[in-house]
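Only one structure is covered here, and it is reproduced in the block below.
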Amino acid sequence: MEKIKIETRNVSIEFPGVKALSDVNFSIETGDVRAVVGANGAGKSTLMKVLAGANPGYTGEVLLDGKTVELRNPGVAKKLGIEIVYQEVDMALFPSQTVAENIMMNELITGMERKLAVNWKHIRQEAQQTLDRLHIEINVNKMVSELSLAQKQLVLIARAVQGACNFLILDEPTAPLSTAETEKLFKLVNHLTETENIAVVFISHRLQEVLQICKTITVMRNGEIVADYPITKETTIKSIVDQMLGRSFEENFPKVQNEIGDTAFEVKNLCDEEGMLKNVSIYVRRGEIVGVSGLVGAGKSELCKTIFGARAKKSGQILHLGKELKIHSPTDAVKYKLGLVPEERRKEGVLVDEPVYFNLAAAALPKYSNGILISRKKQFANAQNYIRSLGIKTPSASQLVALLSGGNQQKVAVGKWLAADCEVYIFDEPTKGVDVGAKHDIFTLIQDIASAGKCVLYVTSETSEILAITDRTYVMYDGRVTAELVTADTTEDEIMFYSTGGK
């Protein structure tokens, strides 16, 4: 098959106070699966947005098969066969429309521009042919709002390759996926590269998956490419991490042993209205980090949202210091000094179109008011404190959260609850989509919270994180707690055994 090559030559881009890319020379040919890795803020997404036409202010050259092209808007990139699937799939889809309409959105928009009547039968047939070609089994007549996250991602990929796509950029594609769903995605990626001759750029922090699926790897640090090479059997996660950080880094995080007090927070026989949770009972002591482990779909996020009042409770009790909490909404939870850092941080955890200073005050606005007016001066003073103490990388407190890297957005999501001085902190997949350096920072934050005598519930499908940071862990399967384990006495194999329904 004929190879098509895209490359950048001395591409640079600057944002206020930040040199995001510095003389970057990057290239990829069709048929390749190339990983692009680096710490948050390394320049990965910035470079990919240049290729996708979403960062028009770059300097330097982009060449397609040796000819200079101007990628100054996404429309031009699409016409040249360059597509990107961003991490926040919900923000790129239209939930009230069908799978077929979402896959064929580019054609529908073009048709409306030309004021042509829409041939809905043709739209459904074309969408079905695209799904068949990619061996994706989803009903084209189904509403996107009814799909799982994994299915939504597949719909986005189908939309991307429905036209003449030569280069497909996937931003953290496996972050919301279970192990089985990840395997299906890998099969699709292999099909795209080997059968369709499409180049796939794979941005990921899951380095084990990078070694499994990618042929080549580009490592970025501080806006520059610091390594670029084929992946071989000798390539290790540790060597990649060292290149990402520019120094040696311990892969295991040292667990701080806090002084653990009496039971302070309890959930007894909790069931939700939708029937996902089945008599869930857990407890957390002062100063304790308690894990909730399990595979995707086990009910972990549903447990977090039900405790926090974002999901309707059917029966059961939620207690703090022996007193039952009447939580019917997140407002009630905040009143009782509960804080939730949700899995979908851009959708639920932060206000992406608001500045950093407002986000860091959002969970405790009365603290920053002068009577009926909110004091911007007080918000700024609070923000400067948490930007410094949490190590949030931002040009200023006025920067929009949408423009921060994933790890720094997560620090903002945590920081707003620190400002609210909660008694119980619930973290739902807190390191999702963040690099190993930011993960270390988040672990340190959580350990500091527990050291202050607060209750911490750490919810994740990553068993390595459970083993690294928790004191005890509950394992969930099919909406039930299947085991309660002392973390120091358990193993990844035992946690996985109970996660898959073992008894």
Side-chain angles (χ1 to χ4, degrees), residues 13-21 38-46 87-88 205 221-223 244-247 253 334 337 339-342 344-370 373-422 425-427 430-452 454 456:
I13 191 165
E14 289 191 39
F15 300 120
V18 178
K19 180 117 184 194
L21 295 177
N40 285 113
K44 311 181 298 294
S45 295
T46 304
Q87 183 179 350
E88 289 79 20
H205 295 303
R221 186 172 70 244
N222 298 328
M244 286 168 56
L245 300 180
R247 55 185 168 82
F253 298 89
V334 173
K337 290 190 171 292
L340 169 64
V341 179
E344 299 299 321
R345 59 173 171 265
R346 285 182 65 94
K347 188 178 176 184
E348 302 170 340
V350 291
L351 301 167
V352 293
D353 295 323
E354 296 291 341
V356 171
Y357 73 81
F358 182 81
N359 272 272
L360 286 169
L365 285 175
K367 287 175 60 176
Y368 311 103
S369 65
N370 293 321
L373 298 177
I374 303 297
S375 168
R376 184 172 294 187
K377 183 178 179 180
K378 289 183 178 180
Q379 291 181 73
F380 259 91
N382 171 71
Q384 295 296 349
N385 175 43
Y386 283 108
I387 287 170
R388 182 174 57 254
S389 63
L390 302 182
I392 299 171
K393 292 182 180 178
T394 177
S396 75
S398 298
Q399 178 79 304
L400 294 182
V401 169
L403 301 179
L404 301 183
S405 67
N408 286 302
Q409 287 179 5
Q410 191 71 315
K411 289 180 183 179
V412 171
V414 174
K416 78 174 186 181
W417 292 114
L418 294 179
D421 192 26
C422 296
Y425 288 85
I426 305 169
F427 295 90
T431 64
K432 175 181 171 182
V434 305
D435 69 272
V436 68
K439 182 184 291 189
H440 186 279
D441 293 341
I442 290 167
F443 274 25
T444 301
L445 285 174
I446 291 171
Q447 291 184 148
D448 288 346
I449 290 169
S451 297
K454 309 295 186 179
V456 175

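Excluded from the calculations below are hydrogen atoms, water molecules and symmetry mates; all remaining heavy atoms, backbone and side chain alike, are included.
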Report yes if the side chains of [X] and [Y] come closer than 4.5 Å at any heavy-atom pair, otherwise no.
X	Y	value
I449	F427	yes
F443	T431	yes
T394	N408	no
F380	V356	no

Any idea which heavy atoms bring [X] and [Y] closest together, and the distance?
X	Y	answer
A413	V341	O-CG2, 3.9 Å
L404	Q399	CD2-CG, 3.9 Å
K337	C422	O-CB, 3.4 Å
P355	A397	CB-O, 3.9 Å
P430	I446	CG-CD1, 4.4 Å

Could you check whether any side-chain N or O of [X] sits under 3.5 Å from a backbone N or O of [Y], counting only pairs where one atom can act as donor and the other as acceptor?
X	Y	value
K416	A362	no
E354	N359	no
N382	L360	yes
K19	G223	no

Checklist outcome for this item: Taken to the nearest 0.5 Å, the spacing of Q384 CD from I392 CD1 works out to 10.0 Å
Checklist outcome for this item: d(W417 CH2, I426 CD1) to nearest 0.5 Å is 9.5 Å
Item to check | Worked check of side-chain contact (heavy atoms from CB on, under 4.5 Å) between F358 and L400 | outcome: CA-CA 10 Å; F358 182 81; L400 294 182; over 6 Å; no
